[in-house]
Amino acid sequence: AKAQGRNRQQFYAQQIGDAVSQRLALERDLRAAVAAMDFELHYQPKLRVDGGLAGFEALLRWRRPGHGPVSPALFIPLAEQTGLIDAIGTWVVQQACAQMAAWRDAGLGEVPVAVNMSTSQLRDPGLVAWLAGVRQAHGIADGQLEMEVTESMMMDDPEQAILSLEALRQQGIHLAIDDFGTGYSSMGYLKRIPVHTLKLDRVFVAQVDSDARDADICAGMIALAHQLGLDVVAEGVETDAQRAALAARGCDVFQGYLFARPLPVAEATRYLLACAPT
Ligand code: C2E
Ligand code: CA
Ligand code: CA
Ligand code: CA
């Protein structure tokens, strides 16, 4: 029995060792990717009730050499822990603005693009001035660049976060609360957070057509948002039944695989060409 216990200990030690070295290898590869800025942005369309394009959400893609695509849900937290997120976040904003300018210059119109912001970006006291510079360099008009923040990003210093968001809003950045309903922010903060848009998380969307309680929750959140003067975007809309159930409850904008996956630039451009009035 003693020997068995020792074997088991060795087994667990081995497993922990493997996990640590895998994490280190991932971190090493992520550092190399950041040094080479070996990332792509994909663009997922957001559609209004009438079917018109409301804009794109830019989503980060990393193809890890020897492994294939790695989910940002996996590498963004690592980037946050290691400080790599600052360089990544800078690149994402620059890349998105450059792409908006490229589409505009190609005659495809001014397409709003939303980027996901990280906590450390929101805390950066130089963010507002820096963003103004990037937008000016690319000639991005007010309201065209959107930033998505989560409720949990506000939590460790809500007063500071509200001030930062206020400054961004005054600078013409369109703001959205991402994953709404999954964080811990209180209703009291909601009325003070100076955002334009609320994004309903897909946990509520998934069964909006089949579960009466989820349908009521969505209806309530949409009504609350409208009361506060906010637009509502539903995330993760995969079926027409979900779309119809959300539309019946007043949802303004839809995003999800039902309409399109996040698209590489060439495909997003084709998408724009197809919806541009001829
Ligand atoms: P998110 O901001 O909530 O992004 C929406 C996620 O839902 C994306 O996953 C998108 O591909 C996925 N999605 C879209 N439509 C559907 C659908 O109909 N069904 C399902 N099941 N999923 C759908 P993705 O691209 O893997 O990104 C995961 C998360 O990584 C994002 O969640 C966001 O929190 C983070 N992320 C992505 N890009 C960036 C970035 O540039 N910066 C930062 N800080 N975070 C990012
Ligand atoms: Ca988002
Ligand atoms: Ca989301
Ligand atoms: Ca999410």
Side-chain angles (χ1 to χ4, degrees), residues 30 33-34 37-47 54-64 68-99 112-124 127 131 145-153 174-183 185 195-209 221 231-243 245-246 251 253-265 267-268 271:
L30 187 60
V34 169
M37 269 311 154
D38 196 8
F39 298 98
E40 264 183 56
L41 285 182
H42 285 193
Y43 295 88
Q44 187 175 34
K46 295 184 283 181
L47 288 93
F56 288 120
E57 177 177 1
L59 292 154
L60 193 59
R61 294 292 176 261
W62 175 35
R63 199 171 287 280
R64 185 181 178 198
V70 184
S71 166
L74 197 102
F75 73 81
I76 291 285
L78 182 62
E80 279 169 351
Q81 288 156 29
T82 52
L84 291 166
I85 193 67
D86 292 331
I88 293 175
T90 298
W91 181 84
V92 166
V93 170
Q94 286 170 334
Q95 191 70 16
C97 288
Q99 190 58 60
V113 173
V115 299
N116 291 283
M117 210 191 315
S118 72
T119 310
S120 81
Q121 273 175 301
L122 187 61
R123 282 207 204 103
D124 177 358
L127 176 73
L131 274 174
L145 178 65
E146 184 168 13
M147 303 198 86
E148 300 189 357
V149 297
T150 62
E151 297 160 281
S152 47
M153 284 171 56
H174 194 111
L175 297 170
I177 304 186
D178 207 351
D179 303 343
F180 185 76
T182 65
S185 80
V195 298
H196 306 82
T197 303
L198 190 153
K199 296 190 80 176
L200 263 187
D201 194 79
R202 72 166 172 275
V203 299
F204 305 110
V205 168
Q207 301 188 65
V208 65
D209 59 319
M221 291 198 291
D231 276 350
V232 180
V233 178
E235 303 191 297
V237 181
E238 296 182 349
T239 68
D240 194 59
Q242 291 166 347
R243 184 205 55 75
L246 288 158
C251 185
V253 174
F254 308 90
Q255 179 180 358
Y257 297 164
L258 173 64
F259 308 100
R261 296 197 165 244
L263 306 170
V265 170
E267 282 179 51
Y271 190 97

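The figures that follow rest on heavy atoms only: side chains count, while hydrogens, waters and symmetry mates do not. All figures in this text were calculated on a predicted structure; none of them were measured in a lab. Atoms within a ligand are numbered from 1 in the order they appear, just like the ligands themselves.
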For ligand 1, is Arg202 a contact, meaning one of its heavy atoms is under 4.0 Å away? yes
Which atom of Glu57 is nearest the Ca ion (ligand 2), counting N, O or S only? It is OE2
Does any N/O atom on Leu258 come nearer than 3.5 Å to any N/O atom on ligand 1? no
Rounded to 10°, how many degrees is the angle OD1/Asp178-the Ca ion (ligand 3)-OE2/Glu235? 90°
Proximal atoms of ligand 1 relative to Asp179 (non-hydrogen, under 4.0 Å): 3 (O)
Output the list of atoms in ligand 1 that are nearer than 4.0 Å to some heavy atom of Val92, sorted by atom number. 41 (O)
So Phe259 and Phe254, would you call those rings parallel, tilted or perpendicular, with 30° and 60° as cut-offs? tilted
Residue pair Glu235 / Asp179, side-chain heavy-atom distance below 4.5 Å: yes
Taking N, O or S atoms only and a limit of 3.0 Å, check whether Glu148 reaches the Ca ion (ligand 3). no
Would you say Asp178 contacts ligand 1, with heavy atoms under 4.0 Å as the rule? yes
Does ligand 1 have a heavy atom under 4.0 Å from the side chain of Arg61, from its backbone, from both, or from neither? side chain
Donor-acceptor contact present, side-chain Glu267 to main-chain Pro264, <3.5 Å: no
Among Leu41, Ile85, Asn116, closest by heavy atom to atom 33 (C) of ligand 1 is Asn116
Quick one: which ligand 1 atoms are inside 4.0 Å of a heavy atom on Glu57? 2 (O), 4 (O)
Interfacing atoms of ligand 1 (cut-off 4.0 Å, heavy-atom, Val237): 18 (O)
Rounded to the nearest 0.5 angstrom, the CG-CD distance for Leu59 and Glu148 is 8.0 Å
Counting from 1 in the order shown, the ligand 1 atoms closer than 4.0 Å to a non-hydrogen atom of Glu238 are 17 (C), 18 (O), 19 (N), 20 (C), 21 (N)
The Ca ion (ligand 3) -> Asp179, closest N, O or S atom is OD1
Give the atom numbers and elements of ligand 1 that come within less than 4.0 Å of a heavy atom of Gln44. 14 (C), 15 (N)
Could Lys46 and Glu146 be called an ion pair, given the rule that one side-chain N must be under 4.0 Å from one carboxylate O? yes
Are Leu200 and Leu246 side-chain neighbours, meaning at least one heavy-atom pair lies under 4.5 Å? yes
Can you confirm whether the side chains of His42 and Gln44 place a donor and an acceptor under 3.5 Å from each other? no
Under 4.0 Å from a heavy atom of Gly256: give me the atoms of ligand 1 that qualify, with their elements. 15 (N), 18 (O)
Could you tell me the separation between the CD1 atom of Ile88 and the CG atom of Leu30, rounded to the nearest 0.5 Å? 5.0 Å
Polar contacts were defined as any N/O atom of the residue lying under 3.5 Å from an N/O atom of the ligand; does this apply to Glu80 and ligand 1? no
Are Gln121 and Asp124 close enough that some pair of their side-chain heavy atoms sits under 4.5 Å apart? no
What atoms of ligand 1 come within less than 4.0 Å of a heavy atom belonging to Glu235? 3 (O)
For the residue pair Phe39 and Trp91, categorise the inter-ring angle as parallel (less than 30°), tilted (30 to 60°) or perpendicular (more than 60°). tilted
Mind checking the CG-CG spacing from Leu131 to Leu145? Nearest 0.5 Å is all I need. 6.5 Å
